[in-house]
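The sequence lines fix the lettering, A, B, ..., with proteins before strands; numbering per chain opens at 1. Just so you know, these numbers use all the heavy atoms, side chains as well, and skip hydrogens, waters and symmetry mates.
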2 protein chains.
Amino acid sequence: MLDAGTVVPCCPPITAGELSQDDAEKMAAMFKALSDPVRLRLFSKVASHAGGEACVCDISDVGVSQPTVSHHLKKLREAGLLTSERRGTWVYYKVAPPVVAAMSAMLDLRT
Amino acid sequence: MLDAGTVVPCCPPITAGELSQDDAEKMAAMFKALSDPVRLRLFSKVASHAGGEACVCDISDVGVSQPTVSHHLKKLREAGLLTSERRGTWVYYKVAPPVVAAMSAMLDLRT
DNA sequence: CGTCTATGTTGACACTCATCGATACCAGTG
DNA sequence: CACTGGTATCGATGAGTGTCAACATAGACG
């Protein structure tokens, strides 16, 4: 699939040195995934759900149509921030802790 | 100016609960500022510079034209991630720690 | 198999954005 | 004052993106 499960966190804190072109593109793609209000809300709904996991049906009331929700979830998946799994009728999304941790660590300003 | 110095960090870790529409829009705007490779590189150059501060002339070799660099720095300023100050001939940009810290804290997955 | 519900995909459209050349603004220096 | 170098703004353009309606797919159930 397009799950981008191979995305590997890459970078030390920004204070540690300039990003390479490559690293900048990788990290920018992750930030871009969270750069839309609808995606941020979907992401927060999954992350704050019990076990960091939620069914699409539990989180899809964000004010846009169902295809749009699906589209945004795909973006979050491709960015490596979420993973998805089908269990019977429903599809469950859960957060990918390593990737999120990499973003958080990059913005850590402690020297 | 448009410095958006009034942008206030708002949000607890995503694991703590769903974001409101308003908070989602605020945070999305910050993430969007870092969602471009050129901006990320500019930001990392400033953040990794001595004192978290750098002259535009020190950081503008990112492979795009001077107007484009200026445009991206403006975006980072408007998002509240950087502040700027003119000192004589040169303009210096420095990181805005509270805003960056808010983004980092939001992605903290500890429960 | 047929049907129903949940989710993903496609195609189209309006809108935003990154980029550049040209130009304007600002502060020294002569 | 004119001139020069650093930075910001403007206008245009091509690429990218969020959104929806329509359709497709997948599993459950009879």
Side-chain angles (χ1 to χ4, degrees), chain A residues 1-5 19 21 24-25 27-43 45-46 49 53-79 81-94, chain B residues 1-5 19 21 24-25 27-43 45-46 49 53-79 81-94:
Chain A
M1 289 301 242
L2 283 171
D3 270 7
L19 266 60
Q21 177 73 30
E25 283 172 9
M27 294 304 296
M30 299 179 193
F31 285 117
K32 179 177 278 185
L34 295 183
S35 71
D36 180 275
V38 172
R39 279 198 294 272
L40 246 194
R41 293 187 69 195
L42 287 170
F43 184 69
K45 276 169 178 270
V46 173
H49 219 260
E53 173 179 277
C55 168
V56 175
C57 55
D58 290 328
I59 61 176
S60 39
D61 57 332
V62 286
V64 295
S65 68
Q66 177 270 322
T68 302
V69 169
S70 189
H71 171 250
H72 283 306
L73 288 172
K74 183 180 184 181
K75 289 287 194 86
L76 288 167
R77 233 189 317 135
E78 290 175 353
L81 292 172
L82 294 180
T83 59
S84 67
E85 181 191 355
R86 171 157 229 140
R87 290 206 289 274
T89 306
W90 296 278
V91 177
Y92 292 81
Y93 281 79
K94 62 165 58 173
Chain B
M1 289 299 250
L2 285 171
D3 271 7
L19 265 59
Q21 178 73 28
E25 283 173 9
M27 295 304 296
M30 299 180 192
F31 285 117
K32 178 177 275 182
L34 295 183
S35 70
D36 180 275
V38 172
R39 280 199 293 272
L40 247 193
R41 293 187 70 195
L42 287 170
F43 184 68
K45 276 169 178 270
V46 172
H49 219 260
E53 174 179 276
C55 168
V56 175
C57 56
D58 290 328
I59 60 176
S60 40
D61 58 332
V62 285
V64 294
S65 69
Q66 177 270 321
T68 303
V69 169
S70 188
H71 170 249
H72 284 306
L73 287 173
K74 183 181 184 180
K75 288 287 194 88
L76 288 166
R77 232 190 317 135
E78 290 175 351
L81 292 171
L82 294 181
T83 59
S84 66
E85 183 190 355
R86 171 156 230 141
R87 289 207 289 273
T89 306
W90 295 280
V91 176
Y92 292 82
Y93 280 79
K94 64 165 56 175

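For dC17(C), one of the phosphate oxygens OP1 or OP2 lies less than 4.0 angstrom from a side-chain nitrogen or oxygen of Lys32(B). Distances shorter than 4.0 Å separate none of the side-chain N or O atoms of Tyr92(B) from OP1 or OP2 on dT7(D). Phosphate contact (OP1/OP2 of dG18(D), side-chain N/O of Arg39(A), threshold under 4.0 Å): present. In this structure, His72(B) does not reach the dC17(C) phosphate: none of its side-chain N or O atoms is under 4.0 Å from OP1 or OP2. Side-chain nitrogen and oxygen atoms of Thr68(A) include at least one within less than 4.0 Å of the OP1 or OP2 phosphate oxygen of dC20(D). Within the 4.0 Å cut-off from OP1 or OP2 of dG27(D), not a single side-chain nitrogen or oxygen of Thr89(A) is found.
Closest to the side chain of Asp36(A), out of dG18(D), dG6(D), dT19(C), is dG18(D). Of all nucleotides listed (dT7(C), dA8(D), dT17(D)), dT7(C) comes nearest to the side chain of Cys55(A).
Atom C1' of nucleotide dG18(D) and atom CG of Leu42(A) are separated by 13 Å, given to the nearest angstrom. Distance Lys74(B) NZ to dG6(D) P: 22 Å, rounded to the nearest Å. In this structure, Leu73(A) places its CG atom 16 Å from P of dA6(C), rounding to the nearest Å. Separating the CZ atom of Phe31(A) from the P atom of dT17(D) is a distance of 17 Å, rounded to the nearest angstrom. Taking atom CG of residue Leu40(B) and atom P of nucleotide dA18(C), one finds them 12 Å apart after rounding to whole Å. For the pair Arg87(A) CZ and dT7(C) C1', the interatomic distance rounds to 15 Å; values are reported in whole Å. The distance from atom CH2 of Trp90(B) to atom P of dA27(C) is 14 Å, rounded to the nearest whole Å. Going from atom CD of Glu85(A) over to atom C1' of dA26(D) covers 15 Å, rounded to whole Å.
Within the nucleic acid shown, Val38(A) comes within 4.0 Å of sugar-phosphate atoms alone, with no base atom in reach, counting heavy atoms only.
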Anything under 3.5 Å between a donor and an acceptor, one on a side chain of residues 29-42 of chain B, the other on a protein residue two or more places apart or in another chain? List them.
{"unit_1": "Ser35(B)", "atom_1": "OG", "unit_2": "Lys32(B)", "atom_2": "O", "d": "2.6"}
{"unit_1": "Asp36(B)", "atom_1": "OD1", "unit_2": "Val38(B)", "atom_2": "N", "d": "2.8"}
{"unit_1": "Asp36(B)", "atom_1": "OD1", "unit_2": "Arg39(B)", "atom_2": "N", "d": "3.2"}
{"unit_1": "Arg39(B)", "atom_1": "NE", "unit_2": "Ala33(B)", "atom_2": "O", "d": "2.7"}
{"unit_1": "Arg39(B)", "atom_1": "NH1", "unit_2": "His72(B)", "atom_2": "ND1", "d": "3.1"}
{"unit_1": "Arg39(B)", "atom_1": "NH2", "unit_2": "Lys32(B)", "atom_2": "O", "d": "3.2"}
{"unit_1": "Arg41(B)", "atom_1": "NH1", "unit_2": "Gln21(A)", "atom_2": "OE1", "d": "2.8"}

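For the atom pair CD (Glu53(A)) and CG (Leu82(A)), the distance works out to 11.0 Å, reported to the nearest 0.5 Å. Note that the CZ atom of Arg77(B) and the OH atom of Tyr93(B) stand 4.0 Å from one another [nearest 0.5 Å].
In this structure, Pro67(B) and His71(B) both approach DNA chain C, and ranking their closest nucleotides by distance from the 5' end singles out His71(B). When each of Cys57(B) and Ser65(A) is assigned the nucleotide of DNA chain D bearing its nearest heavy atom, the one mapping closer to the 5' terminus is Cys57(B).
The base of dG6(D) lies outside donor-acceptor range of the side chain of Gln66(B), with no N or O pair under 3.5 Å.
Between Leu73(B) and Ile59(B), the closest side-chain pair of non-hydrogen atoms falls below 4.5 Å. Inter-residue side-chain proximity for Tyr92(A) and Ser84(A) is flagged as unmet; no heavy-atom pair is nearer than 4.5 Å.
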